[in-house]
Amino acid sequence: MSDFIAEALQMVPAEAPDWLSEQRRRGWSSWKSSSMPTRKTEDWKYTRLRALEEGAYLDRAECQDPSSPALTALRDQIHITGLDARMLVFVNGFYSPELSSGEVVGNMEVVLFSEADETQVETIRSHLGTVADRDKYMFTALNDSWLNDGVFVHVKQDRKVTTPLHVIWLTVPQREAFSLSQRLLVVMEAGSEATVVEHFASNEAQQNSFTNGVSELVLAANARLCHYRLHLEEEHALHIGGVHARLDRDARLNSFHLGLGSILKRLDVVVRHEGEGAHCDLNGIYLPRHSQHIDYHTCIEHVRPHCTTKEVFRGIISDNARAVFNGRIHIHPDAQKTVAELRNKNLLTSNKAEVDTKPELEIYADDVKCAHGATVAQLDDYALYYLCSRGIAREHAQVMLSTGFINELINNLQHPSLGEYLKPVLGGLFAQQVTQTERAE
Amino acid sequence: MLSIKNLHATVEGKEILRGLDLDIGAGEVHAIMGPNGSGKSTLGHVLTGRQGYEVTAGEVTFMGQDLLALAPEERALTGLFLAFQYPVEIPGVSNMEFLKTAVDGMRKHRGLEVLDSVSFMKQAREVCKRVDLDQNFLKRGVNEGFSGGEKKRNELMQMMLLEPHLGILDETDSGLDIDALQLVASGINSMRDSKRSFILITHYQRLLDFIEPDHVHVLGAGRIVRSGDKSLALELEDKGYGWLESEAV
């Protein structure tokens with residue numbers, strides 16, 4: 001087996017802005033002193049990194065020709081009708097002005113780290129790496145050590161931005177397996193409002209990329225952020241990363257996550273309530289199929305009193321796929337009057353599908369209201385029969401029930417246009433699955 | 001239209017139907033009554049092909065076809081409809097999507113053109129009005145959060161849209177207040193014609209005050225123990241089922 005820790009250090013990019021060097025150095029030393037997780041590492045108990053180690057993702061990402069047929073096709077696919085967003089597109093980690101579009105919105109500063117002016121650099125430096133803990137999340141350390149660019153989003157005090165920002169990271173295959181880094185920093189000043197859609201997509205199943213992604217969201221007092229992180233990458237696109245958010249007093253974060261298949265996908269979603277009265281709605285859907293593996297680890301830190309969390313994750317696991325869900329809610333001693341709820345529901349559509357779910361409540365305050373629950377089930381036979389008794393073919397009924405299971409979350413998205421965009425994509429996925437099952441039978 | 005001969009069926013290894021015979025002609029309304037556990041609901045589920053309801057003997061012919069050889073969806077397409085006693089709630093699937101999928105399938109099967117969304121919507125709204133359901137119910141998840149009466153009316157609405165040859169109503173009257181009962185009854189009556197038949201499974205005679213049956217059967221221990229005209233229902237109302245059971249033994 002290869003030594004991925006050492007190999008990854010070989011891939012540190014040569015060039016980067018000077019002001020990032022401190023961050024990179026810290027990342028480097030933190031990553032260097034870490035070791036690859038084993039079965040005994042609690043946080044990685046059900047997720048092996050063999051695919052990463054064996055895949056030899058040793059090449060660097062290369063800038064791609066935006067007019068290539070693969071990218072022209074993707075361009076149409078990624079556009080979300082009705083969202084009316086400003087689109088910022090990256091291909092294999094490189095910003096693509098040709099594929100990006102939309103008006104620059106005056107209320108929202110969006111700039112690449114490499115192009116930031118002095119004032120922006122100052123703001124970035126004071127926030128970057130303060131939310132995502134590199135010592136706790138080793139792949140954040142790797143992201144830090146590879147840091148040479150990123151996207152900085154800044155909304156100033158009391159500015160309300162109505163045009164969503166749609167940041168798209170595309171991967172297309174390169175000749176040799178390669179690695180790339182994604183980094184986003186969103187700084188919402190007090191009383192500001194915005195929507196950021198993070199969207200990952202790839203053009204075909206035969207991917208050979210490993211993406212290491214880290215997004216940091218900083219919400220000052222009373223700021224509101226509607227955030228989406230959509231992982232629509234195909235089969236062989238590995239992704240390890242996370243979203244780390246910090247909420248100050250009365251801030252509100254609405255964060256939605258979608259994970260479609262990949263042979264290895266691990267996402268850590270961490271939200272820290274650091275000001276009184278902060279609220280977070282955290283919802284997610286994961287849909288591994290074939291031999292895919294998706295792992296969502298969420299962690300909500302209730303540090304201060306009077307904060308609330310509502311978290312719902314749902315998964316449909318098919319074929320030989322495996323899902324891991326770990327939802328931790330940690331109520332610190334000072335966090336009185338916390339109200340937190342975590343629900344995880346899983347649907348297994350095949351005998352070989354597997355899910356390891358673990359909701360975890362850790363409570364150190366005595367005056368709190370907390371609830372959690374996890375269920376694992378199969379498609380309801382009685383509901384299937386009901387649909388069939390109306391003349392609906394069994395296969396179609398299965399698709400309807402699967403879709404219905406996740407539609408409860410999709411229908412409640414803050415931006416209905418996103419729901420309209422996702423429904424046919426997911427519907428197509430289930431239909432495909434049914435056809436395959438039929439063939440197998 | 002429907003001919004059942006010596007039907008035996010088990011559920012979870014327990015024999016529920018024990019040699020049931022029933023013939024239903026086109027345009028007829030049959031009421032099936034009987035005490036709890038006599039097999040009334042089982043009959044409905046066996047006819048529509050619910051999993052786990054195993055036929056161990058007998059035959060059923062429906063519209064000239066061997067009904068028992070068909071999958072549940074094929075039975076529905078052939079024109080069989082069961083209004084469920086306990087309709088299923090399916091959150092996330094809108095009632096509209098469900099109804100359109102079902103009606104589209106039925107129209108295709110009957111060689112009719114599939115309705116576009118606008119025309120279907122119009123039709124669905126009209127039917128909504130006929131069963132006195134607010135149009136908002138079309139947007140909601142299938143039966144999601146519907147009250148008992150609303151669920152029953154939703155069943156009726158599906159039947160009106162699917163226009164079956166034979167409608168089996170499994171205790172559609174249970175849990176309805178008198179207004180809702182009259183509404184459901186008049187809905188069913190409006191669908192009666194010389195070709196369409198109904199089986200009304202019920203505990204109570206009062207439904208039959210509103211829908212006049214051609215035949216009344218009493219089910220006891222998985223067989224029909226007595227058949228008659230509507231006066232039989234009145235007699236049952238008066239005497240209960242006890243006298244029949246002792247007679248049957």
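Not measured: the values here are computed from a predicted model.
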Chemist: Let me confirm one number: the CG-CD1 distance from A/Leu384 to B/Ile90, rounded to the nearest 0.5 Å.
Modeler: 8.5 Å
Chemist: Nearest 0.5 Å, please: how far is CZ in A/Arg390 from CE in B/Met106?
Modeler: 9.5 Å
Chemist: Among the options A/Leu387, A/Thr403, A/Asn411, pick out the one with the most heavy-atom pairs lying under 4.5 Å from chain B.
Modeler: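 Top option by heavy-atom pairs under 4.5 Å: A/Leu387.
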Chemist: Is it the case that atom NZ in A/Lys310 sees more than 12 heavy atoms from other parts of the structure closer than 6.0 Å?
Modeler: no
Chemist: Heavy-atom count check: over 12 atoms from other residues, nucleotides or ligands less than 6.0 Å from B/Glu97 CD?
Modeler: yes
Chemist: Where on B/His109 is there a heavy atom nearer than 4.5 Å to chain A: the side chain, the backbone, both, or neither?
Modeler: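 Neither; nothing under 4.5 Å.
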Chemist: At a heavy-atom separation under 4.5 Å, does B/Arg75 approach chain A through its side chain, its backbone, both, or neither?
Modeler: neither
Chemist: Take atom CD of B/Glu126 as the centre, draw a 6.0 Å sphere, and report whether it contains more than 12 heavy atoms from other residues, nucleotides or ligands.
Modeler: yes
Chemist: Please check if atom CE in B/Met121 has more than 12 non-hydrogen atoms from other residues, nucleotides or ligands closer than 6.0 Å.
Modeler: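 Not more than 12 within 6.0 Å, no.
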Chemist: For B/Leu82, is it the side chain, the backbone, both, or neither that has a heavy atom closer than 4.5 Å to a heavy atom of chain A?
Modeler: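 Contact with chain A is through both the backbone and side chain of B/Leu82.
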Chemist: Any side-chain heavy atom of A/Tyr382 within less than 4.5 Å of one from B/Arg50?
Modeler: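 Side-chain contact under 4.5 Å: yes.
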Chemist: When the ring planes of A/Tyr385 and B/Phe84 are compared, do they come out parallel, tilted or perpendicular, using 30° and 60° as the limits?
Modeler: tilted
Chemist: Who among A/Ala397, A/Gly391, A/Ser389 has the most heavy-atom pairs with chain B under 4.5 Å?
Modeler: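 The residue among A/Ala397, A/Gly391, A/Ser389 with the greatest pair count is A/Gly391.
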Chemist: Against chain A, label B/Pro164 side chain, backbone, both or neither, depending on which of its atoms sit under 4.5 Å from a heavy atom there.
Modeler: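 When you check distances to chain A, no heavy atom of B/Pro164 falls under 4.5 Å.
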Chemist: Pick whichever of B/Leu162, B/Val88, B/Thr78 has the most heavy-atom pairs under 4.5 Å with chain A.
Modeler: B/Val88
Chemist: Looking at A/Asn351, I'd like to know if its CG atom is crowded, meaning that more than 12 non-hydrogen atoms belonging to other residues, nucleotides or ligands lie closer than 6.0 Å.
Modeler: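 Open.
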Chemist: Tell me the closest heavy-atom pair linking A/Met400 and B/Phe98, and the distance in Å.
Modeler: CE-CA, 3.8 Å
Chemist: What closest approach, in Å, do B/Ala76 and A/Cys388 show between heavy atoms, and which atom pair accounts for it?
Modeler: CB-O, 3.9 Å
Chemist: Just checking A/Glu360: does its CD atom have more than 12 heavy atoms from other residues, nucleotides or ligands closer to it than 6.0 angstrom?
Modeler: yes
Chemist: Please determine, among B/Ala71, B/Ala102, B/Gly105, B/Pro72, the option with the most heavy-atom pairs under 4.5 Å with chain A.
Modeler: B/Ala102
Chemist: Go through the atoms of B/Val142 and report whether side chain, backbone, both or neither lie under 4.5 Å from a heavy atom of chain A.
Modeler: side chain
